Amino acid sequence: APDALVVMAAASLKPALDEIAATWPDPVALAYGGSGAIARQIAAGAPADVVLLAATDWMDWLVSQGAVEGAARSVAGNRLVMAGTPGGGPVCLSAAAVLARLGTGRLAMGDPMSVPAGRYGQQALETLGIWAALSEHLLMTDNVRAALAYVARGDVPLGLVYASDARGTGVEVAAEIPAPTHAPIVYPAALVRGARPGAADLLAHIAGSQAIFAAHGFAA
Amino acid sequence: MIDLPPEAWEALALSLRVSVVATVLSLPLALWVAHLLARRQFRGKGLVDAAIHLPLVLPPVVTGYALLLLFSRAGPLGAVLEPLGLSPAFRWTGAAIAAAIMAFPLMVRAIRLAIEAVDPKLEEAAATLGLSPARVWWRVTLPMALPGVLAGVTLGFAKAFGEFGATITFVASIPGETRTLPAAIYAFLQVPGGAPGLRGLVLIAVAVAVGAVLLSNWLAPRVAARVGGR
Amino acid sequence: MIDLPPEAWEALALSLRVSVVATVLSLPLALWVAHLLARRQFRGKGLVDAAIHLPLVLPPVVTGYALLLLFSRAGPLGAVLEPLGLSPAFRWTGAAIAAAIMAFPLMVRAIRLAIEAVDPKLEEAAATLGLSPARVWWRVTLPMALPGVLAGVTLGFAKAFGEFGATITFVASIPGETRTLPAAIYAFLQVPGGAPGLRGLVLIAVAVAVGAVLLSNWLAPRVAARVGGR
Amino acid sequence: MLEVSVQRRAGDFTLDVALEASSGVTAVFGPSGAGKTTLARCVAGLARPDAGRIVLNGRVLFDGTTDLAPHRRGIGYVFQEARLFPHLDVRGNLMFGAPRGEEAGPVAEMLGIADLMDRRPAGLSGGEAARVAIGRALLRQPELLILDEPLAALDARRRAAILPWLGRVREAGVPILYISHAIEEVARLADTLVLLRDGAVVRAGPLAEVLSDPVAAALMGPSQAGAVLEGVVTAVADGLAAVETPAGVLHVPGGEVGQRLRIRIRAEDIIVATARPEGVSALNVLPAVVEAVQPGQGPGVMLRLRAGEGALLARITRRSAERLSLAPGVAVWAIVKTSGVARADVGGG
Amino acid sequence: MLEVSVQRRAGDFTLDVALEASSGVTAVFGPSGAGKTTLARCVAGLARPDAGRIVLNGRVLFDGTTDLAPHRRGIGYVFQEARLFPHLDVRGNLMFGAPRGEEAGPVAEMLGIADLMDRRPAGLSGGEAARVAIGRALLRQPELLILDEPLAALDARRRAAILPWLGRVREAGVPILYISHAIEEVARLADTLVLLRDGAVVRAGPLAEVLSDPVAAALMGPSQAGAVLEGVVTAVADGLAAVETPAGVLHVPGGEVGQRLRIRIRAEDIIVATARPEGVSALNVLPAVVEAVQPGQGPGVMLRLRAGEGALLARITRRSAERLSLAPGVAVWAIVKTSGVARADVGGG
Ligand SMILES: Nc1ncnc2c1ncn2[C@@H]1O[C@H](COP(=O)(O)OP(=O)(O)OP(=O)(O)O)[C@@H](O)[C@H]1O
Ligand SMILES: Nc1ncnc2c1ncn2[C@@H]1O[C@H](COP(=O)(O)OP(=O)(O)OP(=O)(O)O)[C@@H](O)[C@H]1O
Ligand code: MOO
Ligand SMILES: [Mg+2]
Ligand SMILES: [Mg+2]
């Protein structure tokens with residue numbers, strides 16, 4: 001529907017946002033993509049009404065560009081987990097234990113340079129003091145879902161992924177990453193400059209759908 | 001038929017529209033450029049040739065960003081087109097532009113090789129029969145190069161149909177407007193555990209690809225026969 | 001020179017290695033397949049042709065995914081290669097495979113058109129001079145098709161150098177091992193405001209692309225001259 | 001009227017030629033590699049002379065400033081190879097350059113290719129292809145027709161059948177530049193003969209003059225030298241025409257009273273007798289006087305004979321010349337077989 | 001020794017030919033479109049007969065079960081078009097199929113292309129290209145050489161220069177299948193003549209027989225009919241050789257004592273006299289008896305003459321025949337000009 005409101009959102013939000021949009025009375029067009037790509041497109045004048053990103057730095061950038069109206073607000077949160085192949089059992093977050101579990105394999109994670117999940121992951125591993133030991137054994141992916149898929153298929157023994165993604169995808173959580181080891185994972189949302197009437201309501205509706213976010217693992 | 005969600009059919013229809021428009025509209029330009037490269041000598045020819053090949057060698061994302069910068073509200077083209085309501089940014093026409101640019105080097109290459117293979121002696125003969133260079137091109141060069149043109153069009157269409165990186169970077173992936181089949185496949189791939197329609201979408205993409213190539217292979221000998229065996 | 005972070009040079013070196021290996025190693029196969037498609041009739045020819053074109057028409061991500069399934073530890077090829085320590089998954093050899101597969105249709109197309117343009121009458125003449133079909137191919141068909149082969153190699157190299165989607169999906173992005181120049185550019189693009197090295201990386205990619213095309217354009221007339229004008 | 005004066009270098013070959021071709025057939029004759037094709041290409045606009053001037057019927061086709069594109073020159077060209085369009089059938093090839101309303105039928109009929117109209121060039125024999133190429137150039141209705149050895153691939157009969165038709169083209173006023181190394185064709189058709197060698201004109205002039213020029217004879221090969229006589233048919237009987245020529249009355253097969261004919265008598269085809277021969281089958285016995293005796297290479301000598309107002313060349317062995325004591329001023333009889341005489345129709349000019 | 005019997009249909013053209021070619025030159029002669037090239041292609045393995053059998057020197061090249069690839073047939077082929085390799089220079093083309101150790105020099109010298117060795121085919125004239133193609137096939141040292149109208153693009157001198165060399169190839173024992181519609185070439189070279197028309201053999205047999213066959217003459221064109229005599233040179237003087245032939249002694253230019261020559265006397269080149277001619281330049285005057293008088297079309301009649309052990313054909317006008325009262329049994333003199341006699345070397349067989 002051409003008059004549908006357009007929401008551009010980080011790809012990792014897809015399961016939750018699809019469900020939330022279905023609870024909105026009017027049709028909503030959901031365009032998913034990488035946070036960086038979306039941010040640039042918004043800045044270039046993409047006809048979106050609401051934007052949701054997976055990283056605060058890109059949202060800050062959008063704000064600095066004057067591409068959004070008002071302040072950004074966080075609508076959801078997330079946590080990191082160490083996902084392992086089923087039956088692998090839990091792993092202790094020490095260099096020796098992780099390396100033992102990896103064997104000749106690698107630890108899959110988002111590329112810290114380009115993927116927010118990777119950035120949080122690097123912070124956490126550094127805080128845990130095992131980044132240096134693992135740095136030769138990393139497998140960096142262009143989005144966090146790919147890291148998950150490698151684990152699910154057994155190509156790598158471990159992956160550092162979002163808790164929301166690890167649910168019911170054929171992996172088991174080998175370790176929870178303590179939240180204090182990295183900056184809080186938040187999904188900032190904002191109204192795009194020039195958003196159409198109703199966009200603010202939609203954004204409010206999304207922000208208010210915490211039950212659905214929670215059901216998909218996006219702990220606020 | 002395969003059981004597919006309605007967005008999948010929407011994406012297929014959009015992809016077909018985008019790739020057909022991209023191929024058909026860029027064909028005349030491709031013919032012209034291929035002709036220039038095959039038969040003319042001019043300063044900067046090498047650079048023109050290289051420029052045409054850029055979209056092929058650069059990561060599609062880079063091409064997409066370049067388009068985005070060009071057509072964005074503040075960009076040199078966007079600033080002109082936007083007020084006229086003609087901006088292709090975030091519209092299916094933008095997807096067609098991205099697809100055309102990505103397909104262009106393939107079309108030009110194939111057509112150029114075909115034109116180079118036309119014996120200039122026959123063009124000479126046509127000139128002595130009173131045909132101007134333009135009519136020689138139309139009545140001798142083009143018909144004889146037709147199998148190569150067909151190959152170029154197939155290749156271009158296939159590339160346009162499969163193009164993804166530049167498109168999604170330039171016009172994003174807005175359902176019904178710019179979410180092409182490959183973009184949909186990409187989105188479906190992103191669903192942890194795999195979305196239910198993924199298999200069907202990939203099958204459709206494969207079917208279109210195979211169909212285009214088979215059609216071109218079926219046409220090629222017929223065109224070649226019309227064009228005359230050696 | 002441009003001031004670039006060391007990772008950038010690493011990525012450039014890797015990309016060159018990957019694309020050269022991909023092009024050189026797949027060339028013989030491309031020649032063979034192009035010859036089959038140009039000069040032989042066999043059952044299922046259309047399907048072979050279509051299969052070769054699949055990587056071109058499918059979103060690269062799908063191709064990468066298919067490779068991943070094939071070579072993953074549980075995949076049909078991976079299960080065989082992994083115990084031997086030969087698995088290309090997550091290795092630069094895997095990047096070369098992905099690049100080769102993406103470049104293959106372009107190489108085959110160009111070479112095939114060039115072979116089809118060789119006058120079979122000359123091959124006939126060579127046969128009556130006592131040359132077996134293999135030697136006719138080597139001494140007549142191939143030399144005469146050389147400009148087209150060169151075009152195919154350029155195109156294939158360019159594509160292999162720029163390939164990104166299939167590579168990153170198949171072998172991810174391990175610095176020094178599989179993080180090619182396009183993957184690095186992609187990563188740099190994801191930094192808000194643009195990473196400092198981005199411009200340099202893009203310039204390098206453009207330079208390589210332009211360089212390859214200029215080199216091929218410089219070589220082409222020389223090869224054509226060696227091969228003889230009409 | 002075609003005026004050509006061109007210089008052109010390619011590799012170590014230099015073409016430097018000046019010639020004029022008035023209406024009628026101008027034959028360019030020369031050995032392989034003499035530059036015949038190069039000259040023709042310059043005239044047609046397919047090769048660019050380094051310098052020179054080409055004028056056709058008053059229109060400047062080429063000079064220092066002008067260089068008309070081939071398609072504007074109004075010149076039909078039959079190439080040494082057929083150069084048919086493979087994507088068109090025979091009809092399509094024939095009609096390719098034909099003006100609207102033109103029909104392929106009559107030309108195809110004449111060239112014996114009417115049955116091939118729907119064939120592709122790939123399905124034609126060598127001679128068939130050559131005929132289609134000729135028809136294509138004719139149907140284009142050129143102001144000048146260049147024929148580059150067009151009959152080489154044809155058998156004698158077909159060649160004989162086409163020659164008169166080319167004669168008709170000439171009569172229609174289309175000047176023809178005819179490139180050939182078959183002197184028989186040249187002798188039948190040409191009004192003007194240009195002898196080319198190593199890129200330069202060796203001799204040029206009216207056919208009869210050049211053919212009876214001993215220098216030219218050396219170039220053409222001695223067996224090709226001979227005289228060309230023109231005359232009018234005064235009587236026809238038993239299928240033989242009596243033709244009054246400057247050299248006397250000659251009998252040739254065919255012809256109509258009043259018709260102008262051209263007769264070529266090769267030097268080889270004349271027997272010289274010192275006594276009037278009796279009881280011989282040859283009908284043409286002309287009284288003549290030896291004008292000159294030129295020894296050639298080998299065992300032959302060339303005699304220049306004056307018969308009436310005309311000149312004849314005769315080539316006989318040195319031994320015969322000595323035996324018969326032939327020297328300038330000796331009166332002889334020139335015996336010419338009727339069938340040794342090649343005739344060609346001459347346009348009404 | 002080549003035995004061919006093939007059937008082949010293509011479109012509405014059917015080739016159905018059986019012939020044998022022993023060592024020496026077998027000429028295939030026929031009008032354009034007769035199927036000459038098609039036949040040659042079948043022999044060379046470039047076209048597949050629908051049925052038949054081809055045997056070369058005892059090796060089966062083709063039959064129901066065998067179908068040898070072209071490169072295994074050991075047959076050199078000079079195509080109607082030159083088909084040179086554009087990516088190789090002249091030397092590369094010449095040496096393309098040559099066995100190791102072979103040198104291009106002598107052949108290039110003979111063909112007058114020694115100066116072109118570094119040229120590309122694109123820079124050759126039509127005749128130069130044809131010569132390179134011939135040289136290339138010769139250097140390949142074939143068991144059988146097929147020549148498809150190879151001399152069509154050559155001028156008379158060049159053609160005359162190449163013919164003896166082809167004669168030498170024949171003497172070296174390489175059988176030649178010679179496709180031509182130039183009867184002069186055929187007469188000089190051929191041992192066996194096959195007349196083809198509409199895909200079928202009209203006449204085949206030893207050259208002399210076929211050439212003097214009136215049916216064949218009709219096909220070849222009457223001006224080509226004639227007798228072929230073989231003889232031995234018994235004396236040489238003044239550059240003229242006296243050749244003893246079955247029809248009597250003939251004088252021809254050149255030759256060495258003991259050499260075997262073949263002499264062709266075209267029916268057109270004979271003058272018939274009822275009285276012994278005196279004081280004529282013609283050296284060859286043979287006593288003969290009229291055997292038959294065959295009226296032809298037009299104003300001519302064909303005489304079969306018996307001279308000694310040999311047969312001659314003479315074509316004269318009907319008027320002359322009547323005037324001289326020529327009829328079977330009449331004794332006559334056949335006058336043949338020395339230079340009207342075409343000679344060709346004959347292999348030592
Ligand atoms: N591109 C070239 N470079 C060098 N020499 C050339 C080139 N093209 C032609 N020639 C030479 O120019 C000369 C004249 O060639 P041209 O084709 O005009 O001869 P021609 O008289 O038509 O001969 P033919 O009767 O064999 O066709 C030849 O010696 C040929 O080798
Ligand atoms: N592919 C084809 N389809 C139909 N007819 C064909 C095909 N190829 C050849 N022909 C016909 O077969 C006949 C014999 O052709 P061929 O080339 O053998 O003749 P040729 O005797 O060599 O003539 P030329 O002296 O003109 O070269 C011709 O009438 C030709 O038109
Ligand atoms: O949703 Mo992301 O941008 O793949 O971490
Ligand atoms: Mg020429
Ligand atoms: Mg032929």
Side-chain angles (χ1 to χ4, degrees), chain B residues 37 45-47 49-62 65-66 105-106 109-110 112-114 116-117 119-121 147-148 151-152 154-155 157-159 161-165 169 180-183 185-186 189 202 205-206 208-214 216-218 224 229-230, chain C residues 37 45-47 49-62 65-66 105-106 109-110 112-114 116-117 119-121 147-148 151-152 154-155 157-159 161-165 169 180-183 185-186 189 202 205-206 208-214 216-218 224 229-230:
Chain B
L37 293 176
K45 176 172 170 175
L47 286 177
D49 198 9
I52 289 166
H53 281 81
L54 272 186
L56 195 71
V57 66
L58 289 176
V61 190
V62 173
Y65 268 121
L106 301 182
R109 265 283 169 185
R112 174 185 178 171
L113 284 175
E116 278 171 351
D119 191 344
K121 285 182 177 173
T154 311
L155 217 59
F157 172 81
K159 179 70 201 170
F161 189 81
E163 158 50 29
F164 157 66
T169 311
T180 58
L181 193 68
I185 290 178
Y186 179 76
L189 266 176
V202 172
V206 170
V208 170
V210 172
V213 174
L214 289 183
S216 130
N217 282 343
W218 181 84
R230 279 164 187 282
Chain C
L37 292 176
K45 176 171 170 175
L47 286 178
D49 197 10
I52 289 166
H53 280 82
L54 271 186
L56 194 71
V57 66
L58 288 176
V61 189
V62 173
Y65 207 74
L106 300 182
R109 265 285 169 183
R112 175 187 178 170
L113 284 175
E116 279 171 350
D119 192 345
K121 285 183 176 173
T154 311
L155 217 58
F157 172 80
K159 178 72 201 169
F161 189 82
E163 158 50 30
F164 159 64
T169 309
T180 57
L181 192 68
I185 289 178
Y186 177 78
L189 266 176
V202 172
V206 170
V208 170
V210 172
V213 174
L214 289 183
S216 132
N217 281 344
W218 183 83
R230 281 164 186 283

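Just so it is clear, the values below take in all heavy atoms, side chains as well, and ignore hydrogens, waters and symmetry mates. This one's a predicted model, so the numbers in the text were calculated from it and none came from an experiment. Each chain gets a letter, A, B and so on, in the order the sequences are listed, and its residues count up from 1.
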Turns out that what part of Leu106(B) lies under 4.5 Å from chain C's heavy atoms comes down to side chain
Interface moiety of Phe157(B) toward chain C, non-hydrogen atoms closer than 4.5 Å |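 Contact with chain C involves no heavy atom of Phe157(B) at all.
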For Leu113(B) and Gly148(C), which heavy atoms make the closest approach, and how far apart are they?
-> CD2-CA, 4.4 Å
Heavy atoms only: give me the nearest Pro60(B)-Gly162(C) pair and the separation to one decimal.
->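 Where Pro60(B) meets Gly162(C) most closely, the heavy atoms are CD-O, 4.4 Å.
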Winner by heavy-atom pair count (cut-off under 4.5 Å) against chain B, out of His53(C), Arg109(C), Lys159(C) = Arg109(C)
Among Gly165(C), Ala151(C), Gly211(C), single out the residue with the greatest number of heavy-atom pairs under 4.5 Å to chain B.
->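 Of the options given, most contacts go to Ala151(C).
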Select, from Val62(B), Val206(B), Leu37(B), Val208(B), the one with the greatest count of heavy-atom pairs under 4.5 Å involving chain C.
-> Val206(B)
Can you tell me which portion of [X] sits under 4.5 Å from chain B's heavy atoms? Options are side chain, backbone, both or neither.
X: Ile185(C); answer: side chain
X: Leu155(C); answer: both
X: Tyr186(C); answer: side chain

